[in-house]
Structures are given as C-alpha cells and as structure tokens.
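Residue numbers start at 1 and run along the sequence shown. Please read these numbers as outputs of a predicted model, since none were measured by experiment. Start at 1 and go down the list; that is how both ligands and their atoms are numbered.
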Amino acid sequence: RSKSAGRDCFTIYDEAMSAELEARNTLEGDLRDAIAQCQLEVHYQPFVDALSGARRGFEALVRWRHPTRGLIPPDQFIPLAEETGLIVPLGEFVLRRACADAAGWPSDLAVAVNLSPIQFKEAELFEMICAALADSGLPPQRLEIEITESVLLERGVENHAFMQRLKQLGIELALDDFGTGYSSLSYLTAFPFDKIKIDKSFIRNLTHQPRSSAIISAIVTLARGLDMSVTAEGVETREEFERLKALGVNFAQGYLFGRPQPIERILFDAPVKPSRRDAA
Ligand code: C2E
Ligand code: MG
Ligand code: MG
Ligand code: MG
C-alpha cells in the first residue's frame with residue numbers, strides 16, 4: 001500500500017511539475033510575443049529633492065499589458081526574462097523608450113532606468129546605451145542607471161571598468177535596494193556609485209522603530225563621507241518623509257509623491273516636446 005501511495009505521490013508531483021513547466025513555457029512564449037508586439041509599457045514614478053520638495057526626475061518601471069491577463073507587474077516576468085535571456089531585448093526597449101520620453105521633458109528632469117545583472121554580461125551593452133542616448137538626443141547627464149549589488153558579485157574588474165566608462169559619459173550610477181541581500185560595505189568604495197537607494201523595507205516602520213532610524217542615519221553619514229547622495233524608496237506617508245528629511249536623506253521616492261504612471265498621465269510645468277513615439 002505504502003509503495004503504491006508513494007508512486008501516486010510521485011505521479012502527482014510529476015504532473016504538477018509538468019503543469020508548472022507548461023505554464024512557464026506559455027508565459028515565455030507570451031513574453032516573446034509581448035516584446036515583438038509592443039505590449040510592454042514604461043511607467044514613470046517621480047522622485048523629489050527632500051529639502052525643496054521639487055521634482056528631480058522619474059524612475060522608469062516596466063509593465064506588461066497582457067492581452068488576457070491585464071497589466072502584469074515586473075516581479076512576475078523579470079525573473080523569467082532573466083532566465084530566458086529575453087531581458088536583453090526587453091531592457092533595450094525600456095532604455096530606448098525612457099530616453100526618448102525623457103528627451104521631451106523639461107531639461108531639469110532626469111530619468112532613472114534599472115539594468116539587470118544579465119544585461120551586464122552583454123558585450124554590446126555600452127554601445128547600446130550610447131545608441132539610445134544618441135538616437136533620443138537625451139544628454140547623458142540626465143540618465144541615471146540603477147543596479148543592484150548582485151551585479152557586483154561576479155566579474156568585479158570588468159564591471160568596474162564598465163561603470164567607469166558610463167561615468168565618463170556623464171551618466172549617474174545608483175546602487176538600488178541598498179540594505180537587502182549581501183550589502184557589503186566594500187562595494188561602496190570599490191565601485192563608482194553616485195547614489196545609494198535605501199530599500200523600502202527600511203522606510204516601513206520607520207516612524208515606530210528607532211532601529212530603522214539608526215540604520216538610515218548611518219547610511220547617510222557613510223554616503224556623505226564617500227561623496228554620494230541618498231534616496232529613500234517607498235516613502236508613503238508625510239510622517240515618514242519628515243523623519244527622513246531630519247535624518248538627512250537627499251531624495252525621496254514613493255506613493256506619497258506619486259505612483260508609477262503612464263507617461264500620458266504625468267503633468268509637467270513646462271511644455272513637453274513630443275517623443276519619437278508620437279512622431280512614428
Ligand atoms: P525597484 O527598482 O526597486 O523599483 C521600486 C519599486 O517600488 C517599484 O515596483 C515601485 O512601484 C515600488 N514602489 C514605489 N514607491 C512605493 C511605495 O511608496 N510603497 C511601495 N510598497 N512600493 C513602492 P515595481 O514597479 O513593481 O518594480 C519592481 C522591481 O522590478 C523594481 O524594483 C526593479 O527591480 C524591477 N524592474 C522594474 N522595471 C524594470 C526594468 O525595466 N528592468 C529591470 N531589469 N528591472 C525592472
Ligand atoms: Mg530601481
Ligand atoms: Mg544627473
Ligand atoms: Mg529598489
């Protein structure tokens with residue numbers, strides 16, 4: 001009996017596995033089509049100068065408008081895109097779209113784009129970034145590139161050289177999700193970052209937990225010493241924002257200042273030039 005029960009279990013497990021694999025293959029095929037058929041959208045979330053409250057730019061965040069499943073958030077397809085290599089065309093689409101859109105914004109606004117560790121392995125990444133800037137006409141000083149520290153774990157020497165080339169162009173480099181993962185402090189001195197983005201998990205409970213304040217205060221001190229600026233991510237309440245200002249954070253981003261939105265829904269103070277999308 002136990003033998004057959006064991007076999008049944010194995011069968012069920014096997015079926016569950018293949019169902020999962022099938023779902024994954026379907027999603028992979030769908031994602032391939034999505035890239036080809038322009039179902040991907042780039043939404044923009046503002047970040048502000050903490051002292052003045054003035055808007056300084058927007059982070060580009062990809063979404064997938066699936067024909068039957070609706071709007072899918074990046075957490076549900078970026079990992080698959082990374083596993084399948086589709087992150088390379090996807091990432092190029094986002095960067096080009098973001099540069100083209102930002103080229104039409106008032107010239108004091110920057111655009112921040114997330115790069116995946118997988119893209120870092122592409123030999124043509126530097127040329128692709130240069131082409132995206134040249135084709136859009138966006139000055140490199142208005143582009144920020146956000147990377148997570150997982151990029152830095154491998155190929156440290158090559159990555160350092162690559163980051164140095166981006167900086168020489170005038171592009172700003174931000175270390176995203178700081179405080180999660182390994183967060184080796186040595187990354188901060190080993191790589192040429194301009195900005196640290198403190199992960200939103202430290203901002204949650206900020207107003208209740210004195211320990212979170214201590215960590216943020218330490219990061220701010222560290223960043224100052226290294227001549228870097230600090231952004232707080234995931235700021236949702238006025239109370240959190242006031243606390244972060246007192247702690248000396250330079251920039252803030254979060255639902256308090258605006259959710260990620262399609263470009264059409266963002267209001268600018270100055271007139272907006274049409275991007276190449278409108279021309280096409
Ligand atoms: P991230 O780069 O750390 O982006 C910030 C995430 O926090 C976004 O989630 C944003 O919508 C969310 N967020 C912003 N303010 C708040 C807030 O006040 N409260 C809360 N609870 N959340 C807030 P989103 O858009 O779902 O993106 C998730 C992650 O997906 C991003 O994290 C980034 O790692 C990745 N991602 C998004 N777009 C791209 C892309 O074009 N390329 C790559 N490689 N990764 C991307
Ligand atoms: Mg980011
Ligand atoms: Mg800048
Ligand atoms: Mg983040």
For atom 39 (C) of ligand 1, what's the nearest protein heavy atom and its distance? Val62 CG1, 3.7 Å
Ligand 1 to Ile78, heavy atom cutoff 4.0 Å, flagged ligand atoms 43 (C), 45 (N), 46 (C)
Check Leu61 against ligand 1 and report side chain, backbone, both or neither, counting heavy atoms closer than 4.0 Å. both
Is the closest protein non-hydrogen atom to atom 25 (O) of ligand 1 under 4.0 Å? yes
Can you report which non-hydrogen protein atom sits closest to atom 13 (N) of ligand 1, along with the distance? Tyr255 CE2, 3.9 Å
With a cut-off of 4.0 Å, which atoms of ligand 1 are near a heavy atom of Gly254? 15 (N), 18 (O)
Protein heavy atoms near atom 30 (O) of ligand 1, is at least one of them under 4.0 angstrom away? yes
With a cut-off of 4.0 Å, which atoms of ligand 1 are near a heavy atom of Glu233? 3 (O)
For atom 36 (N) of ligand 1, the option (of Pro79, Pro74, Gly91) bearing the nearest heavy atom: Pro74
Does Asp177 put an N, O or S atom under 2.8 Å from the Mg ion (ligand 2)? no
Pull out every atom of ligand 1 sitting under 4.0 Å from any heavy atom of Ser116, numbered as shown with elements. 44 (N)
Out of Arg97, Glu82, Lys200, Lys197, whose heavy atom sits nearest atom 12 (C) of ligand 1? Lys200
Of all N, O or S atoms in Asp176, the one closest to the Mg ion (ligand 4) is OD1
So the atoms of ligand 1 within less than 4.0 Å of a heavy atom of Val94 turn out to be 41 (O)
No-hydrogen, no-angle side-chain donor-acceptor test under 3.5 Å, Glu28 and Thr84: no
Which atom of Glu59 is nearest the Mg ion (ligand 2), counting N, O or S only? It is OE2
Quick check on ring pair (Phe, Tyr, Trp, His ring centres under 6.0 Å): which of Tyr44, Phe58, Phe241, Phe47 does Phe257 satisfy it with? Phe241
Going from CZ on Phe77 to CG on Leu40, what distance comes out if it is rounded to the nearest 0.5 angstrom? 6.0 Å
Atoms of ligand 1 close to Asp75 [distance to a heavy atom under 4.0 angstrom, numbered from 1]: 28 (C), 29 (C), 30 (O)
